[in-house]
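Notes follow once the structure below has been shown.
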Amino acid sequence: MINITFPDNSIKSFNQIPTGMEIAVSISEGFARNCVAMKINDQLKDLSAQVQSDCAVSFITTKDEEGLDILRHSSAHVMAEAVLHLYPDAKLTIGPVVEDGFYYDIDMAPISEEDLVAIEARMKGIIDAKTEFTRKVVSKSQALEIFKDNPFKLELINELDDSQEISLYQNGQFIDLCRGPHIPQTGMIKGFKLLKISGAYWRADQSREQLQRLYGISFFDKKQLNQYLTLIEEAKKRDHRKLGVKLDLYSFHDEAPGMPFFHAKGIDVWNALLDYWRYEHKKAGYVETKTPLMLNKKLWVQSGHWENYRENMYTSVIDDEEYAIKPMNCPGGMLLYKTKAYSYRDLPLKAGEIGLVHRHELSGALSGLFRVRAFHQDDAHIFMMPSQIGEQVLNVLNLAKRIYSRFGLDFHLELSTRPKKSIGSDQQWEEATNGLKAALDQYGQQYFINEGDGAFYGPKIDIHIKDALGRTWQCGTVQLDMSLPERFDLTYKGQDNEKHRPIMIHRVIYGSLERFFGILVEHFAGKFPLWLAPVQVILLPINQDLADHAEQIKSQLESFNIRCEVDARSETLKKKVRDAQLNYIPLIVTIGDKEKETQTLSVRTLDGNVKMGLTIDDFTQPVLHHIKERTLDEAIF
RNA sequence: GCCGAUAUAGCUCAGUAGGUAGAGCAUCUCACUUGUAAUGAGAAUGUCCUCCGUUCGAUUCGGGGUAUCGGCUCCA
């Protein structure tokens, strides 16, 4: 008699040893059809596994995230099988699940995207055949024999702990080394697509073999696949590299790879972002400072950057002295701090800086505004007493929340701990990491931990925002630094009349202004809210005799600091409206004879609604209100 | 930086099996003077990314370089 406990604490008894599938069927056939795998006492198992003794069993279904991961892992096997069928000499390496699908790294001659079609066709055959996945446990020597022709698998097998069970999974003729679990049969893959192909190194090591990485995605439901593909299409339409250039916000030039040029309209948005930043930071007790772009090598040696960050720094020799363009603002900030003596009463000292930094990123890593070589950080350094860490980190998190919500962006938090390459003592790291943890616990939002992902000078909290398409981007970061204050011998006078070492926070909220700008372009799909829109109002005189009147209104609106343009071209109104809509100008104001006579305006919003007969006041009041409050509302009238 | 792909007018793209190129949009001119998503006609526009090579001749073929794209990697 085997007693099985389910998650709802109900117990079911079986006379003989059942498999997971048998248990699922005993619940209902329909339920069993949607089962992917199970957990026996929290351990993931295949449905074909037998339940040998009394235990707790829960099922992973097609609705669970874990179920989707299992499906995708199985999809990777199916893809590998298809590849081996078409390219018998290919050598498989590893095929994991990633955030957005799965991939398999394969040692084979480079193929192109067109070749994916044939692989997909083969995969379809395997899926239609609904072949079962079966698990087999083998000894290490058996495994070594089976994979004797594949050096990658041999390497993996040899690295396995002797206590670890070595399992193989077979579907049809295809066998792969794999921990599992897998879906019961390939027919569960209802929708799949191979997305792209790229190079990757074995073990991400440039000195090792160059492999072909084939990416794919799969779902239990064809509809979900289509939704996913639609999302990709939508993301493509919003691509800031296209959209921002089309909207005349910025451009990229061969002469300065990784260094964007901002156009007049782009700078309007940029300044609106900065105005808002200054407004919030002033309120939060920050002062604004500015440090030079280029500083002597000695400073970078002292700060530790020369040792830890040199390969990313631009350098130059001036008057026989070596200088570096700053890749970070902090060392300059250290010099600022040292210009006077501080009392504990001065702390916390919050010094912001919109600092232009240059980092020599790998050429292949550059991408639009998202990955550049020159960018502005909305940096700030907070100097404080150790007792203030929790409060100050918490203040930063709250400030970040206020700012992100202004753009309608949600976020989540990640804590990164000490990396291999780092400076500072064990004790400093522990103290700093605990300080961040304490603040996070107080903030109360759940957070993830990234072991070893901290900056070389301290642990950090990264803030990842989520855009309108559900994509996440790391923007903000709060980094505790117990090392720089020591290297620069920063002090303050305590209540006890003794010198003490302040602790320092580096933090950014937009992160990189360039990058944040790009994210906003995609987040809003080019349709900036009124307060950010480069052109807030466009005036369309319906004939050229009315152009002067339109110019007059423009001057009036500009006196209120409303960003305004007149389209006086000799085009039809239809055409001008269309162009304004395509440029996502929030407010389109038509000026005809009627309006001139009655001194009113007709306003069209981006949703196509038209309101007529507004006096200048009727118009400017709500507009100014929305700009001042920086609302996201599209409904202004 | 590495692997693969791409590079033609301001933009999107076609084309030339090697004989110096073209369409739409944008621009300019003229006519039209327009009432809420494209008025019409005409004109102008290119080191066909760059350098070297093969060739009588290269935008086209080959090689080097640069930039961009997809990844690896790195990170804000």
Side-chain angles (χ1 to χ4, degrees), chain A residues 103 105 109-114 195-215 239 241-242 245-246 248 251-258 309 311-312 327-329 355 357 359-379 416 453 455 460 462-464 473-477 479 506-516 518-519 540-547 568-583 588-595 602-606 608-612:
Chain A
Y103 68 79
D105 279 350
I111 57 172
S112 71
E113 305 234 337
E114 289 102 73
L195 298 170
K196 54 198 167 197
I197 193 159
S198 77
Y201 298 101
W202 174 234
R203 307 246 135 139
D205 182 346
Q206 283 193 20
S207 65
R208 302 294 305 266
E209 293 85 344
Q210 171 79 42
L211 309 170
Q212 296 299 305
R213 177 168 293 181
L214 281 70
Y215 284 87
D239 189 329
R241 290 170 298 192
K242 292 271 178 197
V245 168
K246 196 182 111 201
D248 195 19
S251 55
F252 302 94
H253 303 272
D254 286 4
E255 289 80 355
Y309 206 73
E311 65 269 29
N312 285 303
M328 298 182 196
N329 303 302
V357 297
R359 299 181 183 177
H360 188 262
E361 299 292 346
L362 296 178
S363 59
L366 302 179
S367 175
L369 292 177
F370 285 171
R371 186 123 228 106
V372 292
R373 284 179 170 159
F375 60 99
H376 295 73
Q377 290 182 302
D378 62 321
D379 214 346
S416 296
D453 213 23
K460 59 178 181 174
D462 285 330
I463 312 177
H464 296 249
W473 311 94
Q474 200 228 301
C475 285
T477 175
Q479 310 185 344
H506 312 249
R507 44 109 288 177
V508 290
I509 291 177
Y510 289 152
S512 145
L513 257 100
E514 282 78 355
R515 184 154 179 262
F516 194 74
I519 292 169
L540 309 183
I542 64 171
N543 66 47
Q544 292 195 307
D545 294 338
L546 291 159
R569 291 176 301 166
S570 134
E571 293 284 353
T572 58
L573 186 64
K574 266 184 195 299
K575 169 73 169 165
K576 293 189 207 181
V577 167
R578 179 182 149 84
D579 287 346
Q581 293 260 167
L582 291 176
N583 280 304
I588 300 167
V589 171
T590 325
I591 313 277
D593 291 312
K594 228 185 295 173
E595 282 78 9
S602 294
V603 188
R604 178 183 163 122
T605 40
L606 266 189
N609 283 321
V610 179
K611 262 233 159 102
M612 311 231 270

Exercise answer: donor-acceptor pairs, residues 540-547 of chain A side-chain atoms, under 3.5 Å, sequence neighbours excluded:
residue	atom	partner	partner atom	Å
N543(A)	OD1	D545(A)	N	2.9
N543(A)	OD1	L546(A)	N	3.3
Q544(A)	NE2	A568(A)	O	3.1

Whole angstrom value for the distance that separates C1' of rA37(B) from CD1 of I588(A): 9 Å
Stepwise side-chain contact (heavy atoms from CB on, under 4.5 Å) test for I519(A) and R515(A): CA-CA 6 Å; I519(A) 292 169; R515(A) 184 154 179 262; 4.1 Å; yes
Nearest-angstrom distance from the residue atom CG of L366(A) to P of rU66(B): 13 Å
Touch class at under 4.0 angstrom, heavy-atom based, for G518(A) against every strand present: nothing
Min side-chain heavy-atom separation R373(A)-H360(A) under 4.5 Å: yes
Side chain to side chain donor-acceptor pair (under 3.5 Å) between T590(A) and E595(A), worked out: CA-CA 8 Å; T590(A) 325; E595(A) 282 78 9; over 6 Å; no
Whole-Å distance separating the CG atom of L582(A) from the P atom of rA37(B): 11 Å
Partner nucleotide of rC32(B) by Watson-Crick or wobble geometry (both distances under 3.5 Å): none
Any strand: nucleotide that pairs with rA5(B) via Watson-Crick or wobble, under 3.5 Å: rU68(B)
Distances under 3.5 Å between protein N/O atoms and the N/O atoms of nucleotides 74-76 of chain B, please, pair by pair.
residue	atom	partner	partner atom	Å
rC74(B)	O2	R371(A)	NE	3.3
rC75(B)	O2'	R371(A)	NH2	2.9
rC75(B)	O2	R371(A)	NH1	3.0
rC75(B)	O2	R371(A)	NH2	3.3
rA76(B)	OP2	K460(A)	NZ	2.8
rA76(B)	O3'	Q474(A)	OE1	3.3
rA76(B)	O3'	Q474(A)	NE2	2.4
rA76(B)	O2'	R515(A)	NH1	3.3
rA76(B)	N7	R371(A)	NH2	3.4
rA76(B)	N6	E361(A)	OE2	3.3
rA76(B)	N6	V372(A)	O	2.9

Who pairs with rG24(B) - Watson-Crick or G-U, where each distance is under 3.5 Å: rC11(B)
Donor + acceptor pair across side chains of E514(A), H376(A) (<3.5 Å): yes
Counter-base of rA37(B), judged by Watson-Crick or G-U geometry with both distances under 3.5 Å: none
N/O (side chain, S570(A)) to phosphate O (OP1/OP2, rU33(B)) under 4.0 Å: no
Base-pairing assignment for rA44(B) (Watson-Crick or G-U wobble, both under 3.5 Å): none
From rA37(B), rG35(B), rC72(B), nucleotide with atom closest to I542(A) side chain: rG35(B)
Within-4.5 Å side-chain heavy-atom neighbours: R604(A) and Q581(A): yes
N or O in side chain of T590(A) less than 4.0 angstrom from rU36(B) OP1/OP2: no
Watson-Crick or G-U wobble partner of rU60(B), both distances under 3.5 Å: none
Beyond-backbone contact of E361(A) with L366(A), side-chain heavy atoms, under 4.5 angstrom: yes
Sugar-phosphate, base or nothing in reach of E311(A), heavy atoms under 4.0 Å: nothing
K575(A) side-chain N/O to rA26(B) phosphate OP1/OP2 under 4.0 Å: yes
K242(A) side-chain N/O to rU12(B) phosphate OP1/OP2 under 4.0 Å: yes
Touch class at under 4.0 angstrom, heavy-atom based, for D593(A) against every strand present: base
Nearest-angstrom distance from the residue atom CD of Q544(A) to P of rG35(B): 14 Å
Options rG35(B), rU34(B), rU36(B), nucleotide nearest the side-chain atoms of N543(A): rU34(B)
Contact check, side chains of L369(A) and F375(A), non-hydrogen atoms, under 4.5 Å: no
R569(A) CZ to rC30(B) C1', straight-line distance once rounded to whole Å: 17 Å
Sugar-phosphate only, base, or nothing, as touched by R213(A) at under 4.0 Å among non-hydrogen atoms: sugar-phosphate
Any K196(A) side-chain nitrogen or oxygen under 4.0 Å from OP1 or OP2 of rG70(B): no
Any Y215(A) side-chain N or O less than 4.0 Å from OP1/OP2 of rC72(B): yes
Separation of atom CD in E571(A) from atom P in rU27(B), rounded to whole Å: 8 Å
